[in-house]
Amino acid sequence: MDKLEKRKPRCNCCGRELRTENGILVEDAFVASKEWGYFSKKDLQVHSFVLCEECCDKIAQSFRIPVTVTEKREVM
């Protein structure tokens, strides 16, 4: 059984289950993972989370410095 079928992905912010079909994610999401190092209070911990597009937009709008957005010319 595919890992995605075992545990359906959810947005860590709002808790909404992200849409999947046949074990494939069919909506885009922001996925982050951070390996904390020696100069943090989380030494050697790995934190990860998923945000749906709506929650990602809401969080980004709260930033004092706006998110940098660039356009891609081609997709490979």
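Predicted, not measured: the structure shown is a model, and the values here were computed from it. Along the sequence shown, residues are numbered consecutively beginning with 1. The basis for the numbers below is simple: all heavy atoms, side chains too, and nothing from hydrogens, waters or symmetry mates.
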**Q** Check whether more than 12 heavy atoms from other residues, nucleotides or ligands sit under 6.0 Å from atom CG of Asp43, and answer yes or no.
**A**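 Yes, because the 6.0 Å sphere around CG of Asp43 holds more than 12 heavy atoms from other groups.
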
**Q** Tell me the closest heavy-atom pair linking Lys42 and Trp36, and the distance in Å.
**A**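 Where Lys42 meets Trp36 most closely, the heavy atoms are O-CB, 3.1 Å.
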
**Q** Could you give me the CA-CA distance, side-chain angles and deciding distance for Glu74 and Met76, then say whether side-chain contact (heavy atoms from CB on, under 4.5 Å) is met?
**A** CA-CA 7 Å; Glu74 60 185 72; Met76 298 177 84; 4.1 Å; yes

**Q** Any non-hydrogen side-chain atom of Ser33 less than 4.5 Å from a side-chain atom of Val46?
**A**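 Yes, close enough: below the 4.5 Å cut-off.
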
**Q** When you group the ILVMFWY residues by side-chain heavy-atom contacts below 4.5 Å and let the links chain together, are Phe30 and Ile59 in the same group?
**A**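 Yes.
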
**Q** Shortest non-hydrogen contact from Val67 to Ala60?
**A**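 Residues Val67 and Ala60, closest heavy atoms: CG2-CB, 3.6 Å.
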
**Q** Side chains of residues 12-19: which donor-acceptor partners sit under 3.5 Å, not counting sequence neighbours?
**A**
{"from": "Asn12", "atom 1": "OD1", "to": "Val50", "atom 2": "N", "distance (Å)": "2.9"}
{"from": "Arg16", "atom 1": "NH1", "to": "Glu27", "atom 2": "OE2", "distance (Å)": "3.0"}
{"from": "Arg16", "atom 1": "NH2", "to": "Glu27", "atom 2": "OE1", "distance (Å)": "2.9"}

**Q** Is the number of heavy atoms from other residues, nucleotides or ligands within 6.0 Å of CD (Gln45) greater than 12?
**A**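 Yes, enclosed.
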
